[in-house]
Structure formats: C-alpha cells, structure tokens
Amino acid sequence: MSDYLNELNPVQRLAAETTEGPVMIIAGAGSGKTRVLTYRIAHIMEKGNDAFNILSLTFTNKAAREMKERIAKIVGSKEAKNIWMGTFHSIFAKILRFEAEKLGYPSNFTIYDTDDSKSVIKDILKQLNLDDKVYKPSLVLNRISSAKNSLISAHQYANNPITQAEDRASNKPLLGQVYLAYQKRNFKSGAMDFDDLLYNTNVLLRDFPDVLVKYQSKFKYILVDEYQDTNFSQYVIVKQLAARFQNICVVGDDAQSIYSFRGANIQNILNFEKDYPDLKTFKLEQNYRSTQTIVKAASAVIAINKDQFKKNIFTDNEEGEKIKIIKSNTDNEEGQKVAASIYETHFTQQAHYKDFAILYRTNAQSRSFEEAMRKLNIPYRIYGGVSFYQRKEIKDVLSYFRLSINHNDDESLKRIINYPTRGIGQTTIDKIMLAAMEHDISMWQVLDNLKDFNIGINSGTALKISEFTTMIKTFSMMIPYKDAFECANHIAVTSGIVKDLYHDKTPEGVSRYENIQELLNGIKDFVEQERTPQEEELKGAIFNNNTEANPVELFDSPEQTVELKTLDEFMQEITLLTDVDKESEDEKNSDKVSMMTIHASKGLEFPYVHIVGLEENLFPSQMALNSRSELEEERRLFYVAITRAEKKATISFATTRYRFGNIIYCEPSRFIDELDEDCVDFPREPERAKFSDDAFVRSTRPFQKPMESIDFRTKGSDFNKAEPKQINFSPPKKLIPLAKRMAATNTPSDNSANANLRIGSVVEHEKFGIGEITAIEGVYPEAKASIQFRNSGEKNLLLKYAKLKVVM
DNA sequence: AGCCCCGGTGAAGTC
DNA sequence: CACCGGGGCT
C-alpha cells in the first residue's frame, strides 16, 4: 500500500512524508507538484488521519476534482471524497452558508458576480448623484475589491486619511461613501460579492472565537496550492486556521505569480519563513514536462527578475526542438501563419489537435486566430471570453432561481420583475426602489407589503405586482422538495421565459432558446451526479468529530437531508466555477486546439504551444510599464507561457495590428530578446542576407539607424526615468537584440526617403489612399506625421514605417 | 412599451 | 471596429 512513495524522487518523497509542522514546497513548473500533493495527502491518511480533518485549497475546482480522483486510487474513493478540497472561494462559501447567521446574513445568501456588483455600483452612483464618467464603476469596484482583500472595511476606508487623500487626488473624494453604501446595499440584499466571501470569513474567524477554535480543530492538516497567488485576506485565513496544529503546507512557485492585479501578494510566499521559523523548505527543481531547450529558455528569461527564490531547474528530458519565431506583417497574417504551422505539425508529427494551444495576452487577440482556424478547418476551442452564465437569457433564468432562493436579491428582482413583460414599468420600479432606499429595506419587502407603503401605485399595477410575488413564492416553496431539474424546468416554463424565446424565430432567438435548453440539460446532469460529502457534512457530521463545538441544527425538516439535489445547491455550485471548471467532459476529450489567455493556461500543459502577440505594449502590456514589479510580473507571465510547452514552443509577433479600428505599428517584445539565443531557431528569411555578417556577430558597436532609432516602449512612460539602471532589458551578451534584427528583416529600407517629406506634401498610402501631410512632429527617423487622408480621415503615422508614395 | 439609430467610448488578467 | 447606453420615434 505504501508503494506509492516509491514513485517519487528523493526531494518529492521527503516533501510528501514531512506531514507534521510547517512546510513550504517551492515547485518549479512541471516538477510534479500535483503528484507530491496527492501523495502527501494520501500519506497523511495512511497514517491514520481522517479525511474530514484535511483542508486542501486549490486554484480551480477542476484541479481539486482531479486530485481527488488520484488520491482515490490510493486510499479508495469513499475516503478521498471526504477531503475538504476546492478553491478558497468555494470552500469558504460553504462554511459561510453554515455560519452566515452569526454575521447577520441568511444562509441562502446570494453570491453577486462582477456584473451584479457593477450594477449595484451604478445604482449607488445615481443615488449619490455622482458622475459615472469620473467614478467609473469598474474602477470603483476594483478599489473596493482591493480594500476588502487588504481587510479594510468600508468604515475604516471612509475614515482613513490615506485613502481619503488618494481618492481626493484621483478626483473621487466620495469613494468611501460609495464603498459604505455598496456594503449596506449588498447586506440588505443578503448578497456577498466574491471578495466578501473571503472578507466575511475573516470577520467570522476574528469575531467568533468559538468558531475559530472549531475550524482550527477540524482542519488538522492544511495544504494550499498556488500559494504565490494568494492575497492578504486569504493569507490571514490560512494563518488563523493553521495556528493550532501548524501542520500547514504551502506549495507554490514565486516565478509563476501572475495575479497581483487581483490582490495576490508574492510576498506571502517570499516571507513565509518569517511566519513559521521552524519551517522546512523543499525545492522541486527537476522538470518532467518539457524539453531541455524549453527549460533552458524559460530559466534564462526568469533569471532577469530580481524578486525571486534561487532555483536551479533542470530536466533529464531530451534536448528537443528549438523555439521557433514567426514574424508577420499584420495580426491577420499572424493568425494565418500560426494556423498553418499547427496544420503542418498536425500532419508531419501526427499530432492531435488537442496537443496544441494558442496562448495570448488578451482575449481580444483571439479573433484573427479563430478566423484562420476556420479557414483551414482546424477544430478549436476558446476558453474564457463571455461565459455561458453571463449570457443575457441565462442570467434572466438564473435571476428567477436566485430570487426564488433569496427574495431580497435586488439585482435579480430588477432584472426579471418585468421580463417577460407583465406591465410593471420603469416608473413603478423607480417608486419601489425609492421606497426601499428610504426605509432601508430590500425591494421585495416593499413589493410584499405594498399596502404599507403609500407610494402611489394604482390598483391595476398592484395586482400585477401581487401576481408576480405570488409566483415567486410558489417557486420558493417547491425548491426544498423537488430536485433542481424539476424546479428549474417549472420556473423556466411558468415564468414565461421559454414561451417568450420560443416565439422568437430570429437566429438570435433560436440560439437563446437553445441556450436555455443547454442550461436545463446541465441542471439535469447536476441532479444525476452524486452529492459531494461536504454538503452532507455541513448538515451535521462536521461537529461529530469535534467535541468542543456546539451541535447546531441548521435543518430541522428531515425531507431536506434526503438525497435530493436542489436548485439552491446548483446555484451555489455554478457561481464559483472558474472557466476551466466549466469545461465539460466532451469538450475535454474532443480533439481541438485550445485557445486561451496565458493566465487561464496556468497549471495546464500541451505538447505544442504557440505564444502569440509578442509585441511591446501588448506583451508586456503597456499598463505594466510603470514599475519594475509590474514588468517583472509580465515576465513571469511569459515564463508561465513558455513552461506550458512539453515538446515545442513557438513565438509569434506582428508588426502591425488593428486597434480601435486603426492600424498601429508594433515593435517586437523585449521578451524575445531575453530568450537564450541558443534555444531559438532563427527564421531563414532571404532579407537576412542584406546584413553583413558582422551585424550578427555579438559586437559591442552600437547599431546604426534605423534599428537604434526610436523606442516605443519607453515613450510616454516614465519607466526609465524612475529606475534607470535596475532593469536588464536584454542579457548583456546580445548587444544586437534578436527582436530588432527580426524586425529589421523585411522592413523596407527605402523608407528613408520619407525623411524628405514636409508639411503640405501629398502622399499615397496603400491602405489609406491619398492624403496631405498636415503636421510633422520630431526628426526622422522618429518623425511622426499627421496625414489628412481624403477617404480615411486623419492618421498619425511614423515615417520610419509608413509605406508612402510621394504624389506631389 | 418597445424598437431603432446614433454617438460616444473603449480592450489585461479573474474568483 | 464593436458594444453599450441614451434619446427619440412609432
């Protein structure tokens, strides 16, 4: 039975066997981290510990599911299922459901997604009479979110001189008031946003010592995966829970920390030792995933960062193919070339399409690849983007579910009170909202006690309202007694949504109808799955192991504990699914190329990986050029991208790209320069012959124009001024960076004629047609010309690149 | 109440 | 270019 440990290398094995006390495992990409975690948990159980006492926090629910499956093979599936394993959000949402009433929330609280939250913010801005152009809802929400993730309450925020000063400086002095109102509104609606799930867990553990003790005692062994991406709020939760037994094991790779934008703090892992002085650290440095070439290239890139643990990643795998670089002239051409490359490899290497991934920095880049793949009939699948559950028709149906579960959910109520149309118009809704606001109650409470509020609603409307509330109440009543599918189906039909969409014969209407059917099918699947033990456990068993806790009867009616998967359980499940989680079994097994952002690719691996859009201001993103730490995070992102590849990585960039309907000129990313040249396959373009051999020699001679000319990446940013010498833009041995050489090939050298253009010159552009130069800024080759085209409007073009013919 | 058109504005990443 | 929200018309 303990053979399993023999499948580990010595460090892995030690990491798995050291089950007691604080442990940190620094796990390089592809170093068998999941394997270690799996065996470690199995080992804890083999030593006689109960699965109920193990808490394992993962980055996606899918990772949790897969790990459970693997553990099940060692300890048996019955036991494995009992482990508390899932994302921070889903685990603590479950605990909060159980403890919610202590915090004044109902146990059936609604979880607001980002759209709901934004909608609440918009309402509040209206109510406070603030301009949503200044207080942009998404910015406001971000600010509130980072406050919560730093455990700063609305009250503290509103009274903190520092945040006040910051908000005044950004012309948003009332942000604190918005935060206060936002929390109040959500509380009143019985709703938590994503950050509240963590924030309120902290409140719970802070203010209810008995609860803290209960969970501290329960979770004797705690494991946290992807620890480098935890935020302060998560850090405190873990620290609190682990305080009693200190059997805390965190696993992570500082080199793969890529979520600081949502509050992740790389310092959590870098400083872990300070919190636990008797910490044992294990470094998993052998890579089992990738070729030597890939490992070497990735290591060279990440070595440029300053903030990191020293690691020596190596592999015994074969050397493998060099990294290929594809240069294109436009984003569409990039799509075509990448698709062609995949098509070719698919045949020459007899690779499956599912062996390929296209990874990009931003979702918006997917378009050109989709088009190209369609043209070549290559099957593909896109992760992310607008998720199924965000679609209008799906949100409408879900809003019925949500309102039936929690009547105070104002966001859902507003969505459906007049959909399908039932004669409750905007005027009426406004009156209801006003009354709710005045009395500090939810809209439902106004609707349900309409006669108590003299708000000038005529009897006809009052009747319609009462029909609506009655309908919702009947839905609510059936939820505990019927399974999720029966309820959902009943609601979808009775509410009139299905009918409404069925009669819509436009293609969009048909597709919406199909989506509703798909949702219902999904619910059917859910009903047929076995329930996870955690729900059962929360219904009572949780305290049986735990003598000092008070048994609490949350459910007294026996019907509710029978094996019946209800709609409210379904809703709890889906709100917290990640994109990767939403992938169905069929999709996973289908032979399709995967397309996703690099962020979404974390934890995945593919034999052939295409990393695309390697251009300055795109990757690294222009938003990351303001500080060293942001740039380092971009570099870690690049590191993550490269290390997804098992056999071969391909990198591509385009020299022009559409953005906001305009063509913009792009310079190859500095990250291309940072690759170890020995790992890169140079493109054999004929233009290369133009350069004398010594241009390619690593000479110390500064290169002449035009290559040396302008540096977009530093223009308009004070990045260099702020930290002039801190960053090594490229390793010193390559004085003529690869990317610049590549950019130079193919670039027409006769553009120097453009240096002679003057204001008033009339020129012809192959795309924009004829135009007149109205202004020139700077001196060639930096010169930028404003050209008024007769048919295409005014464009600002860099003369160095612009393909112009002089007309007169 | 619903539809359509216009204009303004905007794309980093996510539980 | 694409989307969304507002305003105006039917």
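Each chain gets a letter, A, B and so on, in the order its sequence line appears, and its residues count up from 1.
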Quick one: side chains of residues 227-237 of chain A, donor-acceptor pairs under 3.5 Å with protein atoms, not counting sequence neighbours, listed by atom name and distance.
unit_1   : atom_1 : unit_2   : atom_2 : d
A:Gln228 : OE1    : A:Asp253 : N      : 3.1
A:Gln228 : NE2    : A:Glu226 : OE1    : 2.8
A:Asp229 : OD1    : A:Ile258 : N      : 3.1
A:Asp229 : OD1    : A:Tyr259 : N      : 3.4
A:Asp229 : OD2    : A:Lys602 : NZ     : 2.2
A:Thr230 : OG1    : A:Tyr227 : O      : 2.8
A:Thr230 : OG1    : A:Asn268 : ND2    : 3.1
A:Asn231 : OD1    : A:Ser233 : N      : 3.1
A:Asn231 : OD1    : A:Gln234 : N      : 2.9
A:Asn231 : ND2    : A:Asn149 : OD1    : 3.4
A:Ser233 : OG     : A:Asn202 : ND2    : 3.1
A:Gln234 : OE1    : A:Asn231 : N      : 2.8
A:Tyr235 : OH     : A:Asp275 : OD1    : 3.2
A:Tyr235 : OH     : A:Asp275 : OD2    : 2.4

d([atom1], [X]; [atom2], [N]) in whole Å:
| X | N | atom1 | atom2 | result |
| --- | --- | --- | --- | --- |
| A:Asn662 | C:dA2 | CG | P | 13 Å |
| A:Asp113 | B:dC15 | CG | P | 12 Å |
| A:Asp115 | B:dC15 | CG | C1' | 13 Å |
| A:Gln234 | B:dT14 | CD | P | 16 Å |
| A:Leu198 | B:dC15 | CG | C1' | 8 Å |
| A:Tyr383 | B:dC15 | OH | P | 14 Å |
| A:Gln390 | C:dC4 | CD | P | 12 Å |

* Asked: Strictly by modelled atom types, are A:Tyr665 and A:Arg657 linked by a side-chain donor-acceptor pair under 3.5 Å?
  ->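 Result is no, nothing qualifies.
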* Do the charged groups of A:Arg402 and A:Glu411 touch, with an N to O distance under 4.0 Å? ->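 Salt bridge between A:Arg402 and A:Glu411, a charged N being under 4.0 Å from a carboxylate O: no.
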* To do: Could you tell me whether A:Asp410 and A:Arg415 make a salt bridge, using a distance below 4.0 angstrom between a side-chain N and a carboxylate O?
  =>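 Here A:Asp410 does not pair with A:Arg415 in a salt bridge, since their nearest N and O are not under 4.0 Å apart.
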* Go ahead and write out DNA chain B as dot-bracket, 5' to 3': ( ) for pairs within the strand, [ ] for ones crossing earlier pairs, | when the partner sits on another strand, dots for unpaired; Watson-Crick or G-U wobble, both distances under 3.5 Å. => ||||||||||.....
* Please determine if A:Arg367 forms a cation-pi arrangement with A:Phe369, meaning its NZ or CZ atom is less than 6.0 Å from the six-membered ring centre and no more than 45° off the ring axis. =>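 The answer is no, since A:Arg367 fails at least one limit relative to A:Phe369.
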* Is A:Arg143 close enough and on-axis enough to A:Tyr179, meaning under 6.0 Å and within 45°, for cation-pi? ->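 The answer is no, since A:Arg143 fails at least one limit relative to A:Tyr179.
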* Examine B:dA1: is either OP1 or OP2 under 4.0 Å from a nitrogen or oxygen in the side chain of A:Asn418? Give yes or no. =>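 For B:dA1, OP1/OP2 do have a side-chain N/O of A:Asn418 under 4.0 Å.
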* To do: Give a yes/no answer on whether the side chain of A:Thr114 brings an N or O atom under 4.0 Å of OP1 or OP2 in B:dC15.
  =>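 For B:dC15, neither OP1 nor OP2 has a side-chain N or O of A:Thr114 closer than 4.0 Å.
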* Asked: Looking across every strand, which nucleic acid part, if any, lies under 4.0 Å from A:Gly384 by heavy atom: base, sugar-phosphate, or nothing?
  ->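 The answer is nothing, as A:Gly384 stays clear of every strand by at least 4.0 Å.
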* Would you classify A:Ile111 as touching base, sugar-phosphate or nothing, given that sugar-phosphate means primed atoms plus P, OP1 and OP2, and contacts are heavy atoms under 4.0 Å? =>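 Nothing, no nucleic acid heavy atom in range.
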Restricting both atoms to N or O, compile the protein contacts to nucleotides 8-13 of chain B shorter than 3.5 Å, with distance only.
unit_1 : atom_1 : unit_2   : atom_2 : d
B:dG10 : OP1    : A:Lys136 : NZ     : 3.2
B:dA11 : N6     : A:Phe660 : N      : 2.9
B:dA12 : N3     : A:Arg361 : NH1    : 3.3
B:dA12 : N3     : A:Arg361 : NH2    : 2.3
B:dG13 : OP1    : A:Asn363 : N      : 2.5
B:dG13 : OP1    : A:Asn363 : ND2    : 3.1

